[in-house]
Every structure is written in structure tokens, then in C-alpha cells.
K.L.:
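Once you've had a glance at the structure underneath, I'll fire off some questions.
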2 protein chains.
Amino acid sequence: MASLQKKPDMKERILETADKLFYLQGIRAIGVDTIAARIGISKRTLYNHFPSKDALIAAYLERRFVQPRPSDKPPAAQILATFDSLERRFSAKDFRGCPFVNAVAELGAEDKSVRKIAVAFKESRRLWFRNLLNQLGVADAEGLATQLAVLVDGCIAQDLVRNDPSMARAAREAARVLLKNAGVKVSD
Amino acid sequence: MASLQKKPDMKERILETADKLFYLQGIRAIGVDTIAARIGISKRTLYNHFPSKDALIAAYLERRFVQPRPSDKPPAAQILATFDSLERRFSAKDFRGCPFVNAVAELGAEDKSVRKIAVAFKESRRLWFRNLLNQLGVADAEGLATQLAVLVDGCIAQDLVRNDPSMARAAREAARVLLKNAGVKVSD
DNA sequence: TTTTAGTTACACAGACCTGTGTAATTGCGC
DNA sequence: GCGCAATTACACAGGTCTGTGTAACTAAAA
């Protein structure tokens with residue numbers, strides 16, 4: 001009972017629920033039983049869609065790997081808007097840090113596949129910054145992109161422990177100074 | 001056998017070992033059996049010194065809460081030296097991020113006592129920065145201290161996933177720019 | 001020597017975990 | 001209605017974990 005068998009891909013339903021639980025409570029803290037029970041399916045069904053918990057973890061992280069959608073705003077505004085968006089997400093009470101950093105922290109360095117996707121995610125964001133900086137004609141786009149990536153992860157970590165969304169604004173202000181210092185015209 | 005009963009406080013020996021294992025492999029990943037076995041003592045002895053694993057975790061984090069020792073170097077140099085020190089620690093292969101951030105990531109937000117000590121640690125470092133900035137006569141010492149704290153945690157998180165000690169240098173360069181922008185004379 | 005505090009070995013309870021096996025059942029397309 | 005694929009309930013193996021109970025042992029203090 002209580003299972004009306006909605007069409008939308010069982011696999012996706014499992015992933016949705018795993019995402020919520022893994023992210024909010026930790027990967028190690030959540031067992032597959034818990035996930036199945038939350039959806040109202042049997043554990044067997046879950047294992048029919050994912051061969052192991054590790055596979056589910058991998059799929060969870062891959063699903064979290066989303067690129068920012070392209071924008072027509074000016075590059076400098078896009079960069080600063082990153083931090084505004086972070087501040088908004090910090091304010092939601094279901095924010096609990098970066099899922100990739102958390103996964104590496106939880107699962108340890110020996111878990112190669114987790115570390116691999118985490119690195120890929122971090123690098124993809126750094127490259128997104130670098131691309132915008134190149135559009136702005138910044139000389140050391142490489143270095144500045146790295147610094148911006150550091151600011152992003154820094155305010156995320158700070159908010160994770162402090163629950164203080166204003167950390168995003170601090171990071172934004174720092175980013176603004178760094179951009180100005182690199183010769184970028186920045187409005188506010 | 002294999003237990004020569006060295007005097008030095010059993011409690012401290014337990015903490016030393018717990019520290020190493022908790023930090024390198026994760027708190028949830030290490031059981032009390034593992035810690036006891038590593039020292040060569042019985043699990044019973046461990047529980048004679050700590051009433052529960054939670055108590056051991058708390059003691060582990062408290063032991064990690066060390067303040068930087070006072071220095072006679074000029075304040076600006078002390079601030080920048082923070083990042084040099086981080087780069088050195090990143091290069092050691094037994095570095096695995098910030099134990100407080102990791103603990104919060106692992107144990108979740110519901111664990112109040114862990115979060116509490118993590119917040120205290122982050123704030124103590126921020127205040128250390130603020131104090132130095134005040135000595136330098138920086139106008140917004142409060143805000144800049146927060147930004148520096150963000151840079152510290154940012155490069156730590158980046159190094160945790162990327163294993164790239166140069167992240168500390170990127171953060172240091174960003175810190176240098178922020179200091180200069182605040183009117184601080186900075187040598188190199 | 002006797003007392004005492006710390007430690008040991010070891011078993012065990014109770015919980016939770018991942019993953020599998022199986023036979024019955026359900027819903028859907030045909 | 002029939003067949004088929006997905007799902008279900010449920011038991012279970014085998015492992016891990018935290019924490020306790022107990023009786024014997026050891027070393028050092030008294």
C-alpha cells in the first residue's frame with residue numbers, strides 16, 4: 001500500500017530521495033533501507049536499479065554535477081552574481097555545504113572515484129571563472145580564476161559550520177576587490 | 001603481550017591514536033576497537049577513560065583546538081605567513097583538510113556539541129586576524145578578517161579535494177591584494 | 001605483604017549495515 | 001484474458017558497530 005506507482009522513472013525517484021538524504025544527513029549516515037523506506041519501495045527494488053550502494057553514491061554525485069546555465073549578463077556581473085546566488089542558497093535551511101567536499105571528507109581519500117568527480121566539479125567551476133575572465137581581458141585569468149574558486153569554497157565551508165549566509169557577501173566583496181585590482185570595471 | 005605499559009598517561013595515548021585515525025580516515029570510519037587495537041590495549045581500557053565514543057570525539061576536537069602562538073613578526077607578515085604555513089601542511093601527505101569542517105560534514109548539523117566547537121575554532125581564527133588588522137589600523141578590520149578566514153577555509157577545501165598545495169599560494173596572493181587594498185603596506 | 005587501582009581477555013547484547021534469495025503479486029501491453 | 005516485467009514481502013547471511021559484564025591478572029603503593 002501507499003505505492004501508487006507513479007510512472008516517473010523509479011530510478012529517478014530513488015535518486016531524488018537518495019540525494020536529499022545523502023546530502024542532508026551524510027552518505028555514511030544513511031542506509032539503503034532508509035532510502036527505500038522513505039520512498040515506500042522495497043529494498044529489493046532499489047537493488048534492482050543500482051547494483052550497490054557505491055553505484056548509488058556515484059550516481060548521486062553525478063546528478064549533482066550541474067553546470068551553470070549560460071547567461072547574457074556581462075561577465076563581471078556573472079561572476080559577482082555567483083556569490084549572490086550562494087547567499088540565497090545559504091539562507092535556505094536545507095543547505096549543508098558542498099556535496100563533493102562533504103563526500104571526500106566523509107569517504108576519505110582512498111575512494112578514488114569519489115575524489116575524481118569532486119576534482120572534476122571543482123575544476124569545471126574554475127574553468128567557468130577563467131572563461132569569463134578571459135572575456136574581460138584579464139591578464140592572469142588562470143590565477144584569478146583559482147582565487148575566485150577558493151573564495152567560493154571558503155564561504156561555503158564557513159557557512160557550513162557557522163550557518164551564516166553573510167559569509168557569501170564577504171566572499172563577494174573580496175571578489176570585487178580582486179576583480180578591480182585586475183583592471184576589471186565593476187559597478188557596485 | 002606487546003603492552004609494555006609506558007607510563008605516559010593512557011588517556012593521552014588514546015587521544016593521540018584517536019586523533020591520527022579520526023583525522024586521516026574519518027570519525028565514522030574508525031571504530032573504538034580499531035583505536036584500542038592500534039595502541040595494543042583492550043577496548044575495556046578505552047571505555048574506562050572515555051564514557052562513550054562521543055566523549056572521545058569531543059576530546060579529539062578539543063585537542064585540535066590550538067591557538068597560533070604569539071609572534072614578534074610584523075602583523076602583515078604574520079597574516080601572510082599563515083598561508084605559507086598552510087602550503088607546507090598541504091604538502092605533508094597526512095593532511096586531510098580541516099578537522100572541524102570535516103567533523104561537521106560527517107556528523108551532520110544535528111550534532112550540536114561538534115558544531116559548537118567548530119564554530120568556536122573558526123571564530124577564534126577570525127578574531128586572531130581581526131586583532132592583527134587592528135594593529136595595522138585597518139578601517140574595516142571586522143570585514144577583512146572575515147574575508148581572510150574565508151580564504152583560509154577555501155584553500156583548505158580546495159586542497160582537500162585536489163591535493164594541490166599551490167591553492168595556499170593562490171589564497172596568499174588574494175590576501176595580499178586585499179591587504180594592499182585596505183591600505184596595508186605589504187612587502188613581497 | 002597486603003591492598004588497591006588499572007588493565008586484560010573474552011563473551012555478549014542489541015543495533016545497524018550491505019547485499020542476496022525466493023516465491024508471490026501487481027499492473028500493463030497485447 | 002495472458003504473458004511479462006517490475007515490484008513486493010520477508011527471511012537471512014555475514015559483517016560491523018557501540019557498549020557492558022566479569023573474573024583474572026599485574027604492578028606499585030601502603
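Letters A, B, ... mirror the listed sequences (proteins, then strands); counts begin at 1.
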K.L.:
With a 3.5 Å cut-off and sequence neighbours excluded, list the donor-acceptor pairs that the side chains of residues 76-86 of chain B form with protein atoms.
P.N.:
| residue | atom | partner | partner atom | Å |
| --- | --- | --- | --- | --- |
| Gln78(B) | NE2 | Ser71(B) | O | 3.4 |
| Gln78(B) | NE2 | Lys73(B) | O | 2.8 |
| Thr82(B) | OG1 | Gln78(B) | O | 3.1 |
| Thr82(B) | OG1 | Ile79(B) | O | 3.1 |
| Asp84(B) | OD1 | Arg172(B) | NH1 | 3.1 |
| Asp84(B) | OD2 | Arg172(B) | NH1 | 2.8 |

K.L.:
Calculate the interatomic distance between Leu107(A) atom CG and dT18(C) atom P; express it in whole Å.
P.N.:
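It works out to 12 Å between those atoms.
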
K.L.:
With sequence neighbours left out, write down each residue that passes ring-ring contact (aromatic ring centres under 6.0 Å, His included) with Tyr23(B), or none if nothing qualifies.
P.N.:
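Counting only residues at least two positions away or on another chain, Tyr23(B) forms no ring-ring contact (aromatic ring centres under 6.0 Å, His included).
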
K.L.:
Which listed nucleotide (dT18(D), dT8(C), dT18(C)) is nearest to the side chain of Tyr47(B)?
P.N.:
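Nearest listed nucleotide: dT18(D).
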
K.L.:
Take the protein atom CD1 of Ile14(B) and the nucleotide atom C1' of dT8(C), then report the distance between them rounded to whole Å.
P.N.:
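Rounding to the nearest Å, CD1 of Ile14(B) and C1' of dT8(C) are 14 Å apart.
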
K.L.:
More than 12 foreign heavy atoms under 6.0 Å from CZ of Arg63(A): is that the case here?
P.N.:
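Correct, the count exceeds 12.
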
K.L.:
Looking only at side chains, do Asp54(B) and Ser52(B) share a donor and an acceptor under 3.5 Å apart?
P.N.:
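Asp54(B) vs Ser52(B): no donor-acceptor pair found between side chains.
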
K.L.:
Can you list every ring-ring contact (aromatic ring centres under 6.0 Å, His included) pair that touches residues 122-166 of chain A, not counting sequence neighbours?
P.N.:
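Qualifying pairs: none.
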
K.L.:
Has His49(A) got a side-chain N or O lying under 4.0 Å from the OP1 or OP2 atom of dT7(D)?
P.N.:
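Affirmative; the distance criterion is met.
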
K.L.:
Rounded to the nearest 0.5 Å, what separation is found between the CG atom of Asn102(A) and the CD atom of Glu106(A)?
P.N.:
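With rounding to 0.5 Å, CG (Asn102(A)) is 7.0 Å from CD (Glu106(A)).
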
K.L.:
Whole angstrom is fine here: how far is it from CD1 in Ile35(B) over to P in dG19(D)?
P.N.:
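In whole Å, dG19(D) P and Ile35(B) CD1 are 11 Å from each other.
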
K.L.:
Does Lys53(A) count as lying over the ring of Tyr47(A), i.e. NZ or CZ under 6.0 Å from the six-ring centre, within 45 degrees of the axis?
P.N.:
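No, Lys53(A) does not lie over the aromatic ring of Tyr47(A).
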
K.L.:
For the pair made of NZ in Lys43(B) and C1' in dT22(D), what is the distance, rounded to whole Å?
P.N.:
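Rounding to the nearest Å, NZ of Lys43(B) and C1' of dT22(D) are 14 Å apart.
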
K.L.:
Over 60° means perpendicular and under 30° means parallel, so tell me whether Phe100(B) and Phe121(B) are parallel, tilted or perpendicular.
P.N.:
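Taking Phe121(B) first and then Phe100(B), their aromatic rings lie parallel (interplane angle under 30°).
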
K.L.:
What residues from residues 22-33 of chain A pass a heavy-atom cutoff of under 4.0 Å to DNA chain D?
P.N.:
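When residues 22-33 of chain A is checked for heavy atoms under 4.0 Å from DNA chain D, there are no hits whatsoever.
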
K.L.:
Can you check nucleotides 21-25 of chain C for protein contacts, nitrogen or oxygen pairs under 3.5 Å, and list what you find?
P.N.:
| residue | atom | partner | partner atom | Å |
| --- | --- | --- | --- | --- |
| dG21(C) | N7 | Arg44(A) | NE | 3.1 |
| dG21(C) | O6 | Arg44(A) | NE | 3.4 |

K.L.:
Of all heavy-atom pairs between Pro99(B) and Arg64(B), which one has the smallest distance, and what is that distance?
P.N.:
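Taking Pro99(B) first and Arg64(B) second, the nearest heavy atoms are CG-CD, 3.7 Å.
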
K.L.:
So, Arg125(A) and Asp153(A), do they make that salt bridge, N to O below 4.0 Å?
P.N.:
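Asp153(A) and Arg125(A): salt-bridged.
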
K.L.:
Check the distance between dT26(D)'s C1' and Ile41(B)'s CD1 and give it to me in whole angstrom.
P.N.:
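Between C1' of dT26(D) and CD1 of Ile41(B): 16 Å.
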
K.L.:
Any side-chain N or O of Ser42(A) under 4.0 Å from OP1/OP2 of dT8(D)?
P.N.:
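Yes.
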
K.L.:
If you define the side chain from C-beta out and look only at heavy atoms, does anything of Val114(A) sit under 4.5 Å from Ile27(A)?
P.N.:
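No, side chains not in contact.
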
K.L.:
In this structure, how many angstroms lie between the P atom of dC16(C) and the CG atom of Leu21(A), rounded?
P.N.:
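Answer to the nearest Å: 16 Å.
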
K.L.:
Atom CG of Leu46(A) to atom C1' of dC17(C): distance rounded to whole Å?
P.N.:
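Leu46(A) atom CG is separated from dC17(C) atom C1' by 14 Å.
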
K.L.:
Under 4.0 Å, heavy atom to any atom of DNA chain D: which of residues 51-64 of chain B qualify?
P.N.:
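Correct list: Ser52(B), Lys53(B).
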
